[in-house]
Protein chains: 2
Amino acid sequence: MKGQAQSPALNGSAGYRMRGLQGRLIDALGEAIVSGRFQPGETLPRELELMAEYQVSRSSLREVLKVLGAKGLIETRQKLGTRVRRQDLWNLFDADVLAWHQRQGRGELILQDLIELRQVIEPAAARLAAGRAGMSDLRNLERSIATMRQSADDLTAYAAADVEFHMAIFTASHNVLFARLAHIVADFLQISFQIQQKALNDEDNRILDDIEGHQHVFDAINRGDGNGAAEHMLAVILNGKTSLFRAMGEPADPREEPGTSRPSGAKQKPRGS
Amino acid sequence: MKGQAQSPALNGSAGYRMRGLQGRLIDALGEAIVSGRFQPGETLPRELELMAEYQVSRSSLREVLKVLGAKGLIETRQKLGTRVRRQDLWNLFDADVLAWHQRQGRGELILQDLIELRQVIEPAAARLAAGRAGMSDLRNLERSIATMRQSADDLTAYAAADVEFHMAIFTASHNVLFARLAHIVADFLQISFQIQQKALNDEDNRILDDIEGHQHVFDAINRGDGNGAAEHMLAVILNGKTSLFRAMGEPADPREEPGTSRPSGAKQKPRGS
DNA sequence: GCCCAGGCAAAAGTATGACGAAAGATCGAG
DNA sequence: CTCGATCTTTCGTCATACTTTTGCCTGGGC
């Protein structure tokens, strides 16, 4: 399970299989919606047309639409048809929705928002962990760091151990909502590693710093030092952030324009194909 | 309650309608799973049996199962049947899943975890808002506070305005992930208000303090003071937390918190000078 | 005795056609 | 011009049949 394929759609987070007719259709339609091919507010083709376009039966199509509806992407009502919902209603904390964004241009935007979230969440999780970690939590953390040390030359193994460490922190926080975020962060980390793999190769002494950073987090948790744990965790994330941005060849500059709402401007797209 | 006018969490967040046969079945099965009637790892009855038990056709049942699968509750594979997934794979950031927890005993547990999350997220969102809020954001915030002031005697209107304020903060952070959390927090706040309605009635001078707290948050954002915004937001949340716990007649903190018996705002991120 | 290949069967996956229900659109009565 | 009954479109639900996947069992080979 640990070494699951790095297939683009990080499966394992959704309760359905990505393979098969329906799975592919979920993927295709989800990505089409996220990509903006179907804009929010727009009503996408009726069931009959979709059946024809994607060559599936009504049952399969409807099950697909139900899934997308459960993820908050669409909303379907009788007589009105199926409409794409406002973007802030999409369930962004869903691995699939995240992955669809990832495969579009917006991926990097989400990535930055995710980093901001991590900067806030993970120090807090570490702080909680410092006060609540049990024996098994500490053992998991220790083991992850040990694996990181041992596999400083094997980047794949290193990445896996790193992911394990961060997930163990969330688990040790004993807060189910934080624990849920762990999986989101884990997916994020896997994407990050894919991006910065080359950068890490270039200067792998950074890995040693990284390990030390993780060690400091663990030490703080181990002695119940919540503030210390939070601080060191923040440092770890910020380090990862800078090296990630370097690998992306992007300025570590956050967004500059907060997205001015343009009421007009969007000319109506013609219906049909 | 059947009143769907402002039925809190249930509809509005999911892309499907809660009414109708399927909606009811989604609700019933989801709640049954969350309640533990079907334990994680356990495989629930096959489609034929479920059809018989709930008196629905196979198509409807399968669409229901697809929804629950999309929310991460279950996982269905050929030949094996439908299994309940590990709890940490459930999509807790889904309004329905949260509502199902709410309707069980676990509701209060989640409530506490949610408060912890808010203590971390909302100050951060306020901090971001201080740096990014645009004109329309500030106007929305101002309007919410004004409405709060005007409706200090009408608790329902007050609650609505309060929710609006917190959502406006998230929006002003211009981070889509935070914006997504806004809806979760909004649902939480509505539940909170239902619980503490009587408590607020008892001593409604607390409302005035509450308003002042919100005003301070706005002022800080308005002058671009990130740290100030974060601190005041934390204060607002902690105030709400204590009054909520008082209303629930529960001990304020069953769990041990790491040295935050008196949560001083001093642990904020150190900012250069 | 262990292991792998192949077939069996059970359950989900897919397809089709029909009817029911909701809700926007239309048009006539007042 | 307003109101409301009716119409019509589209999703909601149902029933049934067929296909595909996959766990499991059987049996032969090493």
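A, B, ... follow the sequence lines: proteins, then strands. Residue 1 opens every chain.
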Show the distances under 3.5 angstrom between N or O atoms of the protein and N or O atoms of nucleotides 16-19 of chain C.
residue, atom, partner, partner atom, Å
C/dT16, O4, A/S59, OG, 3.3
C/dA18, N6, A/R58, NH1, 3.1

Would you tabulate the pairs of protein nitrogen or oxygen atoms and nucleotide nitrogen or oxygen atoms of nucleotides 5-9 of chain C closer than 3.5 angstrom?
none

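Atom CD1 of A/I26 is separated from atom P of C/dG13 by 11 Å (rounded to the nearest Å). Rounded to whole Å, atom P of D/dC14 lies 9 Å from atom CD of B/Q55. The interatomic distance linking B/R62 (CZ) with C/dA11 (C1') rounds to 10 Å, in whole Å. Summarising the geometry, the separation between CZ on B/R83 and C1' on D/dG23 is reported as 12 Å, rounded to the nearest angstrom. In this structure, A/R19 atom CZ and C/dG13 atom C1' are separated by 13 Å, rounded to whole Å. Counting to the nearest Å, the P atom of D/dT10 and the CD atom of A/E49 are 8 Å from each other. Distance B/E47 CD to C/dG13 C1': 9 Å, rounded to the nearest Å. Whole-Å rounding puts the A/Q78 CD to D/dT13 P distance at 8 Å.
Residue contacts for A/L80: at a heavy-atom cut-off of 4.0 Å it reaches the sugar-phosphate backbone alone, with no base atom in range.
The side-chain hydrogen bond (donor to acceptor under 3.5 Å, both in side chains) check on B/H101 picks up nothing, with sequence neighbours excluded. In this structure A/E31 satisfies the side-chain hydrogen bond (donor to acceptor under 3.5 Å, both in side chains) test together with A/R103, sequence neighbours excluded. Not a single salt bridge (charged side-chain N to carboxylate O under 4.0 Å, His left out) links A/D154 to another residue, sequence neighbours left out. Evaluation of the side chain to side chain contact (heavy atoms under 4.5 Å, CB included) rule for A/Q150 yields no partner, not counting sequence neighbours. The side-chain hydrogen bond (donor to acceptor under 3.5 Å, both in side chains) search around A/R139 returns none, not counting sequence neighbours. Residues satisfying the side chain to side chain contact (heavy atoms under 4.5 Å, CB included) criterion with A/A179, sequence neighbours excluded, are absent altogether. For A/E47, the side-chain hydrogen bond (donor to acceptor under 3.5 Å, both in side chains) partners two or more places apart in sequence, or in a different chain, are A/R58, A/R62. Applying the salt bridge (charged side-chain N to carboxylate O under 4.0 Å, His left out) rule to B/R83 yields the partners B/E75; only residues at least two apart in sequence or on another chain are considered.
Residue B/Q22 has no polar side-chain atom (N or O) positioned under 4.0 Å from OP1 or OP2 of D/dG12. Under 4.0 angstrom from either OP1 or OP2 of D/dG23 there lies at least one side-chain N or O belonging to B/R77. Residue A/T76 has a polar side-chain atom (N or O) positioned under 4.0 Å from OP1 or OP2 of D/dG12.
Using a 4.0 Å cut-off between charged side-chain N and carboxylate O, A/D96 and A/K71 make a salt bridge.
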Worksheet item: Between B/E63 and B/K66, does a salt bridge (Lys or Arg N to Asp or Glu O under 4.0 Å) hold up when you go through it step by step?
Response: CA-CA 5 Å; B/E63 290 179 19; B/K66 275 282 179 185; over 6 Å; no

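Remark on the helix from C/dG1-D/dC30 to C/dG30-D/dC1: inter-end axis angle 20°, axes from five-pair C1' superpositions, rounded to 10°.
The CG atom of A/L181 sits 7.5 Å away from the CD1 atom of B/I121 when rounded to the nearest 0.5 Å.
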Enumerate donor-acceptor pairs with a distance under 3.5 Å from any side-chain N or O in residues 142-149 of chain A to protein atoms, sequence neighbours excluded.
residue, atom, partner, partner atom, Å
A/R143, NH2, A/N140, OD1, 2.7
A/S144, OG, A/N140, O, 3.0
A/T147, OG1, A/R143, O, 2.9
A/R149, NH1, A/E212, OE2, 3.2
A/R149, NH2, A/Q215, OE1, 2.9

